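For the numbers below, each heavy atom of this structure counts, side chains included, while hydrogens, waters and symmetry mates do not. The structure displayed is predicted, hence computed values, not measured ones. In what follows, chains carry the letters A, B, and so on, assigned in the order in which the sequence lines appear, proteins first and then strands, with residues in each chain numbered from 1.
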Amino acid sequence: MKLSNVLSIKNQVLLRELVVTDFKLRYQGSALGYAWSVLKPLFLFAILYIVFDKFLRLGRDIEHFPVYLLTGIVLWSFFTEATTNGLQSIINRGALIRKINFPKYIIVISGTISSLINLAINLVVVLVFILLNGVELSWWSLLVIPLIIELYIFALAIAFLLAALNVKFRDIGYLWDIFLQAAFYATPILYPLQMVIKESELAAKLMILNPAAQIIQDVRYVLITTDAVRIQDVVEGWKIYIPFVIIVVISVAAILYFRRTSKYFAELV
Amino acid sequence: MTKETAIKVQDLTKTFKIPIEAHSGLKQKMINTLKGRKGYREFTPLKNISFEIEKGDFYGIVGRNGSGKSTLLKSLAGIYTPNNGIVQINGTLVPFIELGVGFNPELSGRENVFLNGALLGFGRKQMEEMYDKIVDFAELHDFMEEKLKNYSSGMQVRLAFSIAIRADADILLLDEVLAVGDEAFQRKCNDYFSRLKKNRKTVILVTHSMDAVQKYCNKALFLDEGQVVFSGNPREVADLYTKQNDIIYANSVTHDVTQDHTSEVIEKKAKYTMKLNAEKKTKDGTARLRQGDMAELDIEWPYKDVRHVGVAFVDELGKDIFSPATFTDGQPDIQGNKLRYRVKLNVSPGTYTFRSVLAGEGGLGIIDRDTTGVDLIVERNSKYTRYVGVTYLEHEWKA
């Protein structure tokens with residue numbers, strides 16, 4: 001994995017073909033096809049909105065709570081999908097790896113890129129809802145782009161680590177499923193962070209250090225409402241950089257581990 | 001590495017760790033760690049392989065199933081990382097371990113062409129330029145928009161082959177491509193090989209077809225049990241390979257014959273016994289030794305008046321190879337009721353039989369004879385393959 005080769009023309013072509021194939025195959029044989037990438041989060045949103053806004057009445061004091069909720073769900077779905085796809089990617093391409101030598105990281109990247117395309121489609125839906133709700137957008141809203149990049153890097157790093165681990169230990173997929181379930185509730189997606197602060201400030205502080213939480217809250221802040229509690233509202237000083245440090249540490253570990261093990265994928269998958 | 005070298009392999013060793021337990025997982029890993037078990041066995045399909053291929057060589061690799069050919073090819077292709085040794089590749093290399101790598105049944109023929117092309121290292125533009133030629137060659141004009149799963153297997157092979165022959169790398173690795181397709185397809189394959197040969201392409205061909213080896217290759221390598229037995233002239237390699245297969249076939253035939261006589265053997269053994277000491281044995285108990293090994297035969301008998309013993313060593317056709325006796329060797333009279341006979345197996349590989357005869361005073365009067373005998377298989381030892389003939393004789397040269 002020489003850095004100069006990472007995006008050579010040859011590898012770009014291959015990456016493109018793999019992404020296109022993934023995308024074509026994803027909704028093979030379903031009547032609504034690509035529409036499902038939009039419908040899935042919409043239905044989830046409808047269910048959660050009815051449960052949490054109408055019955056449990058969680059978001060009373062937050063402006064535009066339905067869109068706020070939808071944004072969180074869309075971002076979290078991307079994170080789940082990208083890491084899960086990435087995790088299975090190497091195993092799923094086993095037949096290929098055993099027959100031809102090509103950079104293995106292309107497989108992981110292609111697995112996460114189709115999730116990224118889904119995210120883009122979903123964000124368009126979010127944007128429509130934002131406009132329907134009469135939220136005022138400004139130039140500051142463009143900060144959403146670096147935040148999405150941050151989220152993608154975070155998901156990609158985890159995908160690399162898990163994909164390499166999964167070749168050796170096939171339990172990783174199940175463990176990650178359970179972990180994601182727990183993380184979903186440990187991240188302020190369905191409920192406002194204000195609620196947690198009221199109960200326990202320490203818990204809120206710990207929660208916001210999770211890069212996914214930091215990103216979701218920041219996106220809500222720049223896109224929807226200043227009611228969204230950001231990391232700098234909860235912790236002070238250098239601690240606001242902890243999510244970045246976490247991402248960097250996971251990325252470095254993932255690159256080192258993937259480089260070391262990818263040589264032996266062909267005989268293990 | 002000289003300028004003309006295309007591939008240089010030095011001391012290449014590849015070992016696989018094969019899990020003993022059926023499932024690979026964290027639980028098994030933890031159990032193994034706790035119990036101090038390795039949890040896998042090691043398997044070494046390639047042992048210290050060294051050879052060199054020059055530019056423009058049409059290089060054949062032959063060997064029986066399980067001899068390590070595919071592992072070698074995958075190591076050359078960079079799919080496997082060697083545990084030891086060096087593989088140097090000079091130039092671009094495209095492997096065809098299998099035709100149609102990455103073909104997906106749910107995609108159309110057209111989409112598969114582009115996907116497969118990308119895997120072989122073609123750019124989008126290059127592919128668009130040669131797409132029509134590929135379709136022409138495959139003769140599949142009316143099917144390109146159909147899903148691959150609706151193709152017959154012959155059509156799939158034709159499509160894959162049409163893409164493959166476009167590959168314009170410095171070195172081509174071909175594994176058993178000849179083994180598929182009908183006669184017309186085989187002819188196309190032959191044309192392709194002839195063209196490669198004419199254009200002085202560097203090609204490595206793994207095959208079971210000795211005709212192909214002799215026709216196209218200018219050099220060849222014979223692989224057995226993960227080691228290079230012989231490399232050089234393709235005709236010699238083809239001869240060796242054919243000979244090895246003949247022996248293996250003959251062995252399986254003689255096995256069938258001897259198994260019919262098992263009842264007789266037991267009956268005879270009640271009288272006196274012959275036991276061959278060998279570590280390796282086949283399933284039915286036949287001893288396996290290697291060329292150059294010492295065979296050790298223990299003979300025991302229940303008779304009191306045995307003074308001399310003769311042992312015959314015969315080949316599978318019943319021809320005597322070497323049959324000495326204690327009397328003719330000038331041995332003193334035997335007093336006890338057992339004897340050990342040791343002989344060095346300087347013979348060509350194959351199935352042989354030890355027979356013995358018990359005689360009285362002065363080597364006269366046969367007391368008993370074992371007509372069925374004890375079988376053994378002499379396996380090839382790479383040190384001896386340089387010689388041709390049924391046996392190795394002491395010899396010297398003088399100029």
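- Residue Arg98(A) touches chain B through both its backbone and its side chain, counting heavy-atom pairs closer than 4.5 Å.
- Ranked by heavy-atom pairs shorter than 4.5 Å toward chain A, the options Val101(B), Leu73(B), Ile79(B), Thr81(B) are led by Ile79(B).
- Within the model, atoms CG of Leu18(A) and CG of Leu119(B) stand 6.5 Å from one another, a figure rounded to the nearest 0.5 Å.
- Using a 4.5 Å cut-off between heavy atoms, Leu175(A) contacts chain B through its side chain alone, with no backbone atom that close.
- The number of heavy-atom neighbours closer than 6.0 Å to CD of Glu128(B), taken from other residues, nucleotides and ligands shown, is above 12.
- For the atom pair Ile100(A) CD1 and Glu98(B) CD, the distance stands at 10.5 Å (nearest 0.5 Å).
- Between chain B and the options Glu267(A), Lys10(A), Lys24(A), heavy-atom pairs under 4.5 Å are most frequent for Glu267(A).
- Heavy atoms of Lys263(A) lying under 4.5 Å from chain B belong to its backbone as well as its side chain.
- The minimum heavy-atom distance linking Asn101(A) with Ala77(B) is given by the pair CB-O, 3.2 Å.
- By the neighbour-count criterion of 12 heavy atoms within 6.0 Å, atom OH of Tyr241(A) is sparsely surrounded, having that number or fewer from other residues, nucleotides or ligands.
- Of the two parts of Lys147(B), only the side chain, counted from C-beta on, holds a non-hydrogen atom closer than 4.5 Å to a non-hydrogen atom of chain A.
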Let me see the working for Arg124(B) and Glu17(A) under salt bridge (charged side-chain N to carboxylate O under 4.0 Å, His left out), right down to the final yes or no. CA-CA 9 Å; Arg124(B) 184 90 193 170; Glu17(A) 284 299 331; 2.5 Å; yes
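- Here the straight-line distance linking atom CG of Leu99(B) with atom NZ of Lys99(A) works out to 11.0 Å at 0.5 Å rounding.
- Taking CG of Leu25(A) as the start and CG of Asn104(B) as the end, the distance is 4.5 Å to the nearest 0.5 Å.
- Both the backbone and the side chain of Leu14(A) have a heavy atom closer than 4.5 Å to some heavy atom of chain B.
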